[in-house]
Amino acid sequence: MTNLIAYIPALPLAGFLLLFFTGRRMSKSMIAFVGAGSVCIAALLTIVIGITFLQSGSSANTQTLWQWMRVGNFSCDISLRLDALSLVFVFIISFVGALIHIYSIAFMRQDEDYARFFASMNLFVFSMLVLVLADNLVLLYLGWEGVGLCSYLLIGFWYKVPANCAAANKAFFITRIGDTAMAIGLFMLFKTLGTLNIADIQQQAATIPNVTTIALLLLMGGMGKSAQVPLQTWLPDAMAGPSPVSALIHAATMVTAGVYLVARMNVLFLLSPAAMNVVAVVGAITLFVAGCSALVQTDIKRILAYSTISQVGYMFLALGCGAWSAAIFHFFTHAFFKALLFLAAGVVIESLHHEHNIFKMGGLKNKMPLLYYTFLAGASALAALPFISAGFYSKDAILWYSWSAGNGNVMLWAVALTGAFITALYSARLVIVVFWGDMKTPIAQQPGKLMTMPLVTLAILSIIAGFVQWPHNLLHVTLFADLVEKVLPATVLKQGIPPELLLQLIAAVVTLGGAYTGYLLYYKSPHIIEQWKTAEPNLNLREFFVKGWRFDELYQTLFVKPFLFITRSNKADVFDKIHQWLVTACSRLNGWLSLSQNGSLRWYIGSMLVGIIFILALQFFL
Amino acid sequence: MILVWMIVILLIGGLLCWLTARANEHAAKWVALVTMLIDAALICGVCFTQRVSSINTWIVDIKTQWIPAYGIGFHLAMDGLSMVMLLLTFFLGTLAVLCSWNEIKQRTGFYYFNLLCTLAGIAGVFVAMDLFLFYFFWEVMLVPMYFLIAIWGDTNRRYAAYKFFIFTQAGGLLMLIAILSLYFIHAAQSGVYSYDYFDLLNTTLQPSAARWIMMGFLVAFVIKLPMVPLHNWLPDAHSEAPTAGSLILAGLLLKTGAYGIMRFVLPLFPQAAEAIAWWAMLLAVIGIVYGAMLAFAQTDIKRLIAYTSVSHMGFVLLGIFSFNAVAMQGVVMQMITHGISTGALFVLAGMLKERLHTRDIESMGGLWSSLPAMGAVGMLFTMASLGLPMLGNFIAEFLVLMGAFTANVPLTVIATFGLVFSAIYSLRFVQKVFLGPSTFQKPLPDFSAREFVMMAALSIAIVWLGVYPQPVLDMVQHAVQAVVTK
């Protein structure tokens, strides 16, 4: 089975090439067939390969395709490596990717650039698969930049609107800053170890002297891609892209690339407690900052975007605490429910004449019941409602480990708990405002089967996907942890922690409390909010959250404006002035010397005399 | 003899162009194209018969007396590095002929004569192993290029041509003085008057003499490269030259500077070069960042691309003065991939100008919808220029930076952040030209068959170099090793 691994990324690549070269001459059905078909086959292949891989019991399968470059003492191959961790990611990418592609067949049907859309999506799936299957960091970097390119292309998919292009550029720039830090990390690794092969790095990691710096540089790369504070500002704007793009790239897969990177390089992070702490703190700050912003947004996709940042923050928190498998587990469940929410949001927006503002929606519960129940499944998973949602199983694990795991502490737990409250609150707000109450905008159209099928599938998964891993004091099912801990270190627990059941109860109460608060504020007695809004400081706080804690304005004054000022003022190139000065000096000299050539006989005789006297004087003195 | 033939064919072809154009204006371009194709076929033939991976010696082609009284020989030779540069020369040369096809309507015969002469000079520079002969070819490529800019250029062509000529000539004269000093010192030591590269390699120099002579060479080469602050000829020359001129300037002429440093400066003056390495790397890094910032500010499409060259060639200088194999291989890759990607962007700019009659990016926009194929190719080469993996430039920049990192950490870190700047100017370029609301109402023609062939060749080359660069790396491996071990 090892020699089939390469076909998983090769299929979407073939789809991309076919669409890129012949897409403009294809019919729409043909485009859909190629675009979605390639990813669907890749998904099926993944399942086949995954099952064989699990049955074989081997720890990793490597397939080397060809030698990429070999220079001096550096060499790296185009080589793919499948182990338990990459298998989880490959499964999510291809499977959720396939569902989103199917959804897009109908969603994008009216668009004139149908082929370009599917070509970019296929290229994205290819790059993302390469990212998680790469056996060396250079190939990983290839996938890493590839997904960045596709993200750029798809955010700016409707390129005729300048705002969309601006959002696409912003996403590219900010992630590039992270990528550059990561590249420096790679250079440092190469300088110390002489290799960039992941397996070799893991073996020799103990010999690295400056491991904290390297780990932090890699983390910077992860923070850029995964939209962690302070590099998170691009993701809310990235919602300018079509909804399936937001679902696939900016929720399920690409934004978790940072999580993958940290998990993959876990050996480096484990060697550096400082780096681990930074990961945890970054995650904690992010989940809180983004959660607060999600509370007050009015654009349905921006709410989901901030919630994604916040949920990825949970994953980073878990990684930083040393709860490796819990982080990957949250990635696993999050991919289902957040993709679902984005796809459902896409349906809502389409049905309501491209209305994004949730306060102009409402009353969809009875008109679109199927959509309502699928959205409800996604939202309850996001809120982590106990037992009935997949989100509960993964988030509860993170909450528990944020205190009990080796690197956790009570502060992190408190932040995570606050985050859980906020999450439940904005999830409830979202469901209530969009689906309950009175209808404010008439419905234009109902979604077709191609769109509801992925929604239902993802809704079912959002409920049941959590059952593979239970909290161990409740039921002894640890299928997921067993799988990924073949690759990742097991979570080490501290001593002297309050009993797990107590913390679980607190978490459950807080979650339900958050949901109930949402119900109270947005349904039962909305006047509380009206009253709250009358006070000036409250409004300012709200504005502060709406603007994403004003990070954009900060960067605008700190970086963008100075950069624009410097480049504008030096457009004509200051060095040219220096050379110009040389030219001026020459022509000035020429002017002076021309004075002597004035046609006046007296002047010539006079200067001849001076010359003669000068030469004679020279003779005389020498 | 094959190297001689290559150069002679170019010169004869050039003369034929000039002569046939008197009879028929259209004949010249066909003659030029055939000439280029013959030369391209010759070099490809050599490339395949020589079993490229095993080149570890010089393929000495011809060595005879030219002016025996002064010890001037006619010595052409080729190693892996020269071969790669010749491949690039004839590849881009062919494209240069193709992209002049409809653009040049006046004095076509003389135009193609100059074009082929420049290419002959460039080819000669890459294979001359006698310093006098090298200087001769150095001038041969300069003068016809001056005519190309001054006669067929844009509105401000005179100024640009003068500037180009004076800058390069100033450097050339310094190099001439340096060559002569080296010649006399060598003669004083060995009693043999010779300009031969391999003889001069054995000269032992006082450190102070070595420093001054090296500076003579180096200044000539970094002006060509170009290095900030000696780069000012480049934006003017690139933007005013006809498309083929810009293509050759960016794709090949700049590379002669890098080639000169690798071939002459490092082997002849290893200690002196090492002594100034830090300063050279510093100026390289300044060039990377400064070029990128200026590229961002430009509104003239060709000026913008010209400044990106300044930035990219900074990587070349950085890599050369890191003195290690990884960086040096990266430099060779950068020379090739920059030639292809920037050449492609200039060709694209030429095509846009033919259609829109402007070089101002502020008055473009939304062209992707009317020119989808051109938009896709534009996107491809912009991505190449910002160093996206899968495309050749990434391999080059990655190797340069990784090699340079082992030599100097702080400077390399700054250079790496040049990648962020390159993203900023590249995306601004795409945005202004291809994205946004469409500004042109009348339909524009997308690629013609000729344009399609050119762009396809360039695209295939850049992707191939990004995905499977090993053959090129193997080809230059020994040449690079020889330079580094010095």
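Sequence lines set the chain letters: A, B, ... in the order given, protein chains first and strands last, and positions in each chain run from 1.
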Contacting moiety of [X], where chain B heavy atoms sit under 4.5 Å:
X: A:L582; answer: neither
X: A:I578; answer: neither
X: A:L139; answer: neither
X: A:V574; answer: both
X: A:Y152; answer: side chain

Please give me the minimum heavy-atom distance between [X] and [Y], naming the atom from each residue.
X: B:N232; Y: A:H579; result: OD1-CD2, 2.9 Å
X: A:R24; Y: B:D446; result: NH1-OD2, 4.5 Å
X: B:M390; Y: A:G146; result: CE-CA, 4.5 Å
X: B:P469; Y: A:M69; result: CG-CB, 4.3 Å
X: B:P389; Y: A:E145; result: CD-CB, 3.2 Å
X: A:T567; Y: B:M293; result: CG2-O, 3.4 Å

Quick one: [atom1] on [X] to [atom2] on [Y], what's the gap to the nearest 0.5 Å?
X: B:T416; Y: A:L186; atom1: OG1; atom2: CG; answer: 10.5 Å
X: A:L65; Y: B:Y468; atom1: CG; atom2: OH; answer: 12.5 Å
X: B:T412; Y: A:I184; atom1: OG1; atom2: CD1; answer: 9.0 Å
X: A:L189; Y: B:M402; atom1: CG; atom2: CE; answer: 10.5 Å
X: A:R176; Y: B:S426; atom1: CZ; atom2: OG; answer: 8.0 Å

Under 4.5 Å from any heavy atom of chain A - which part of [X]:
X: B:M379; answer: side chain
X: B:I424; answer: both
X: B:A373; answer: both
X: B:F417; answer: both
X: B:V472; answer: neither
X: B:V467; answer: both

Most heavy-atom pairs under 4.5 angstrom with chain B, which of [options]?
options: A:V138, A:D113, A:I566; answer: A:V138
options: A:P162, A:G72, A:C165, A:G148; answer: A:C165
options: A:F172, A:F563, A:F74; answer: A:F563

Exercise. Considering the options B:V476, B:I395, B:L399, B:N324, which one meets the side-chain contact (heavy atoms from CB on, under 4.5 Å) requirement together with A:V71?
Worked result: B:L399
For chain A, the option from [options] that forms the most heavy-atom pairs under 4.5 Å:
options: B:A325, B:G436, B:A297; result: B:G436
options: B:S438, B:S369, B:A376, B:G387; result: B:S369
options: B:V413, B:L388, B:L401, B:L419; result: B:L401
options: B:W233, B:Y307, B:F434; result: B:Y307
options: B:T406, B:L427, B:L435; result: B:L427

For this session: With side-chain contact (heavy atoms from CB on, under 4.5 Å) as the test, would you mind laying out the steps for A:N169 and B:R428 before giving the verdict?
Result: CA-CA 8 Å; A:N169 286 350; B:R428 173 174 171 271; over 6 Å; no
For this session: Please determine if B:D300 and A:K571 form a salt bridge, counting it only when a charged side-chain N lies under 4.0 Å from a carboxylate O.
Result: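 So B:D300 does not pair with A:K571 through a salt bridge.
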Problem set entry | Worked check of side-chain contact (heavy atoms from CB on, under 4.5 Å) between A:N73 and B:V326 | CA-CA 8 Å; A:N73 55 348; B:V326 174; 4.0 Å; yes
For this session: Run the ring-centre check on B:F421 versus A:F173 and record whether the distance is less than 6.0 Å.
Result: no
Exercise. For the ring pair B:Y290 and A:F575, is the centre-to-centre distance below 6.0 Å?
Worked result: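 Yes; A:F575 has its ring centre under 6.0 Å from that of B:Y290.
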Problem set entry | CD (B:E362) with more than 12 external heavy atoms under 6.0 Å |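 Yes.
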Problem set entry | Test side-chain contact (heavy atoms from CB on, under 4.5 Å) applied to B:Q470 and A:W68, step by step | CA-CA 7 Å; B:Q470 198 57 40; A:W68 196 9; over 6 Å; no
For this session: Please step through salt bridge (Lys or Arg N to Asp or Glu O under 4.0 Å) for the pair A:D573 and B:R303, ending with a clear verdict.
Result: CA-CA 12 Å; A:D573 199 343; B:R303 253 187 126 72; over 6 Å; no
For this session: Show your reasoning for whether ring pair (Phe, Tyr, Trp, His ring centres under 6.0 Å) applies to B:F398 and A:F187.
Result: CA-CA 9 Å; B:F398 190 80; A:F187 301 149; 5.5 Å; yes
Problem set entry | B:V409 vs A:K191 side-chain heavy atoms within contact, under 4.5 Å | yes
Exercise. Can A:R70 and B:L473 be said to form a side-chain contact (heavy atoms from CB on, under 4.5 Å), step by step?
Worked result: CA-CA 8 Å; A:R70 179 172 43 77; B:L473 295 175; over 6 Å; no
